[in-house]
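To start, the structure under review is shown below, and the notes come after it.
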Amino acid sequence: MSTESNVLDELEWRGLIAHSTDRDALRAALAEGSVRFYVGFDPTAPSLHMGNLVQILTAKRLQDAGHTPYALVGGATGMIGDPKESGERTLNSLDTVKDWVERVRRQIEPFLSFEGEHAATMVNNYDWTASMSTIDFLRDIGKHFPVNRMLARDVVKSRLEAGISYTEFSYVLLQSMDYLQLHRDYGVCLQFGGSDQWGNLTGGVELIRRADGGKAHAFATPLVTKADGTKYGKTEGGALWLDPEMMSPYAFYQFWLNAEDEKVSELLRIFTFLSREEIGELDRQTAEKPFLRAGQKALAEQVTTLVHGAEETERIKAASAALFGGGDLHDLAVPTLAAALREAGAATIEGKEAIPTIVDLFVLAGLAKSKGEARRTVAEGGAYLNNERVEDAEYVPGGQDLLGGSWLVLRRGKKNLAGVEIV
RNA sequence: GGCAGAUUGCCCGAGCGGCCAAUGGGAGCGGACUGUAAAUCCGUCGGCUUUGCCUUCGAAGGUUCGAAUCCUUCAUCUGCCA
């Protein structure tokens, strides 16, 4: 690595540094040699989501620049729960946490290289936390945490009225202890995380200084927000999951494809490995010919490829082209149509003699949560069968409506599609 | 421990015995306009076997022909006094 192209400059250009401890010291450390760094993931769900992806990709950027990752899964911290403003978390059972730890671990692994000079290492904080005695914890760790400082943290302050358990209040000690442990065992001297983690990050830096007189660094990545400042990465279904079982790759791709013009550049920087030149060119196209959506297309393709692979992405692109192509669905080759619908999401029902009504089909295909909602959609003029608006909620599709003899294409609004195969 | 006030649909917030599935705003959803963008305007926004029925207004009981609205107890929160 050369000093003139410090990876920190790269991260800053991508907008990935929201806060940082002494930036010059960090820059110097990164220029000096391979820095061992860590980033942690708590198993709060069966899958990681968009916010975690920022951390994973940042870890990869650092590894690509010659630094050495320690990816931590929170088998211990996941048992406790990081305090959040909305209120106390529900504790998960040990079995659930263990299961989620495994899933999270498997999701992280493909992004990092576990071979070569800067091979990544997976660690689980359960390994050094579970066996620790309460006495040791309170004497060796707790002694370094002034409660008045802990109370001053924003999350804690926001919870003082509504209430916060001692368990969650103590969370920062555990995460700080992780950093100390990794610092001692492996010489890890950089931790990063989301900006909501800033207090936990500096907690560790502080602990290393107080306990060992050691020097450690930390930085926080920004919270990705929409153009209007609200949280990004939320869909009707909740978070933007990386697990294909929890969010179909097609839906994942569509999410990125629908990015607002104002956000595309920022998202390209954070979520893709495209170069400055390539992103600059896409920015120019977005500004000059926004209707081409070149930035959105590149973004969706790049991120989906990173998470779900090139093959799957090709299938999704083909499906999107077929379904959004604007052509007559009757002109599509049946195998193309079938493949596209399977990507987009398709239900199968039996019995061509007894096809359900449009309302039932909408519920069945998952386009409406209830029959009432399906009826409303029809009344609002937002229900389509084979790209034609349906006026009658009780309409029963017949043989003439079956594309290729067995397919129905249902659409709600502009972009919610689902296929139904009648066999 | 005592007194006073709160608790409403995804969120915020009106309602204070019948006209309440419940005003209004936000989010969401649909339409128009576009570029599978944003903004704007319009509509919609508990469920169902949908001219009607069922379940909702912190929980459980009660008064009443009838309760989100009154009473009792419980839970939680907020003030004031110890």
Side-chain angles (χ1 to χ4, degrees), chain A residues 84-88 158-165 225-240 248-268 282-301 303-304 313 316-327 329 340-341 343-345 356-360 362-385 387-396 409-418:
Chain A
K84 52 176 182 179
E85 297 206 357
S86 49
E88 192 78 13
S158 71
R159 288 281 299 278
L160 286 180
E161 287 281 300
I164 178 169
S165 67
T225 57
K226 287 202 252 190
D228 64 9
T230 56
K231 239 184 206 174
Y232 213 83
K234 290 287 176 190
T235 63
E236 314 128 67
L240 196 77
S248 80
Y250 173 87
F252 185 84
Y253 177 91
Q254 287 291 327
F255 173 84
W256 298 102
L257 192 65
N258 281 300
E260 302 110 300
D261 291 357
E262 296 88 333
K263 295 298 289 186
V264 181
S265 182
E266 180 188 332
L267 296 173
L268 282 166
L282 288 168
D283 286 351
R284 201 178 55 72
Q285 289 188 39
T286 301
E288 288 173 9
K289 297 181 175 178
F291 51 89
L292 291 180
R293 309 162 55 76
Q296 281 92 336
K297 285 177 185 167
L299 176 67
E301 176 170 350
V303 185
T304 309
T313 304
I316 295 167
K317 280 172 66 182
S320 299
L323 298 174
F324 283 101
L329 288 173
L341 290 173
E343 289 296 335
T357 61
I358 279 293
V359 163
D360 289 323
F362 263 67
V363 176
L364 218 121
L367 289 175
K369 284 199 285 288
S370 67
K371 291 187 186 185
E373 192 174 286
R375 271 198 197 89
R376 203 179 301 134
T377 302
V378 173
E380 289 168 341
Y384 301 83
L385 169 64
N387 276 351
E388 304 219 353
R389 184 173 285 176
V390 181
E391 310 282 349
D392 177 12
E394 304 305 323
Y395 178 73
V396 176
V409 179
L410 302 176
R411 178 155 61 86
R412 175 176 178 177
K414 218 170 181 181
K415 46 198 174 190
N416 297 303
L417 270 153

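Proteins come first, then strands; the chains are lettered A, B, ... in the order of their sequence lines, and each starts at number 1.
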Rounded to the Å, how far apart are [X] [atom1] and [N] [atom2]?
{"X": "A:Asp261", "N": "B:A39", "atom1": "CG", "atom2": "C1'", "value": "12 Å"}
{"X": "A:Arg376", "N": "B:U50", "atom1": "CZ", "atom2": "P", "value": "16 Å"}
{"X": "A:Glu373", "N": "B:C48", "atom1": "CD", "atom2": "P", "value": "9 Å"}
{"X": "A:Leu410", "N": "B:G30", "atom1": "CG", "atom2": "C1'", "value": "16 Å"}
{"X": "A:Arg389", "N": "B:G31", "atom1": "CZ", "atom2": "C1'", "value": "7 Å"}
{"X": "A:Leu267", "N": "B:A37", "atom1": "CG", "atom2": "P", "value": "16 Å"}
{"X": "A:Glu288", "N": "B:G35", "atom1": "CD", "atom2": "P", "value": "18 Å"}
{"X": "A:Lys289", "N": "B:G35", "atom1": "NZ", "atom2": "P", "value": "14 Å"}

Compare side-chain N and O positions of [X] against OP1 and OP2 of [N] and report whether any pair is under 4.0 Å apart.
{"X": "A:Lys415", "N": "B:C29", "result": "no"}
{"X": "A:Asn416", "N": "B:C29", "result": "no"}
{"X": "A:Arg375", "N": "B:U49", "result": "yes"}
{"X": "A:Arg412", "N": "B:G28", "result": "no"}

Suppose you measure atom [atom1] in [N] against the same atom in [M]; what distance do you get, rounded to whole Å?
{"N": "B:C48", "M": "B:A32", "atom1": "C1'", "result": "32 Å"}
{"N": "B:G15", "M": "B:C33", "atom1": "P", "result": "41 Å"}
{"N": "B:C20", "M": "B:U8", "atom1": "C1'", "result": "12 Å"}
{"N": "B:G18", "M": "B:C70", "atom1": "P", "result": "11 Å"}
{"N": "B:U64", "M": "B:C71", "atom1": "C1'", "result": "11 Å"}
{"N": "B:U23", "M": "B:C45", "atom1": "P", "result": "10 Å"}
{"N": "B:A75", "M": "B:C41", "atom1": "C1'", "result": "46 Å"}
{"N": "B:C74", "M": "B:C29", "atom1": "C1'", "result": "40 Å"}

Under 3.5 Å on both distances, the Watson-Crick or G-U partner of [N]:
{"N": "B:U64", "answer": "none"}
{"N": "B:A22", "answer": "none"}
{"N": "B:U76", "answer": "B:A6"}
{"N": "B:U44", "answer": "B:G28"}
{"N": "B:U51", "answer": "none"}

Hey, does [X] reach any base, or is it just sugar-phosphate, or nothing, if we go heavy atoms under 4.0 Å?
{"X": "A:Tyr384", "answer": "sugar-phosphate"}
{"X": "A:Arg293", "answer": "base"}
{"X": "A:Lys371", "answer": "sugar-phosphate"}
{"X": "A:Arg411", "answer": "nothing"}
{"X": "A:Ser370", "answer": "sugar-phosphate"}
{"X": "A:Gln254", "answer": "base"}

Residues A:Arg375 and A:Glu394 bridged, charged N to O under 4.0 Å:
yes
Is it true that A:Arg412 and A:Glu373 make a salt bridge, defined as a side-chain N closer than 4.0 Å to a carboxylate O? yes
Evaluate the criterion salt bridge (charged side-chain N to carboxylate O under 4.0 Å, His left out) for residue pair A:Glu288 and A:Arg284; output intermediate values, then yes/no.
-> CA-CA 6 Å; A:Glu288 288 173 9; A:Arg284 201 178 55 72; 2.9 Å; yes
Closest non-hydrogen atoms of A:Phe324 and A:Tyr250, given as atom of the first, atom of the second and distance, are CE1-OH, 3.5 Å
What one should report as the nearest heavy-atom pair of A:Ala300 and A:Trp256 is CA-CB, 3.6 Å
With the side chain defined as heavy atoms from C-beta on, A:Phe291 is closest, among B:G35, B:A38, B:C45, to B:G35
*asked:* I'd like to know whether A:Glu266 forms a salt bridge (charged side-chain N to carboxylate O under 4.0 Å, His left out) with A:Lys263, so could you lay out the CA-CA distance, the side-chain angles of the two residues, the decisive distance to 0.1 Å, and finally the verdict.
replied: CA-CA 5 Å; A:Glu266 180 188 332; A:Lys263 295 298 289 186; 2.8 Å; yes
Separation between CG (A:Leu417) and CG (A:Leu341), nearest 0.5 Å, reads 7.5 Å
Between A:Thr377 and A:Asp360, the residue closer to the 5' end of RNA chain B by nearest nucleotide is A:Thr377
On RNA chain B, more 5' by nearest nucleotide between A:Gly381 and A:Leu257 is A:Gly381
Establish whether the base of B:G43 is bridged to the side chain of A:Glu380 by a donor-acceptor pair shorter than 3.5 Å.
-> yes
Tested for side chain to side chain contact (heavy atoms under 4.5 Å, CB included) against A:Leu410, the lone hit among A:Leu367, A:Asn416, A:Val390 is A:Leu367
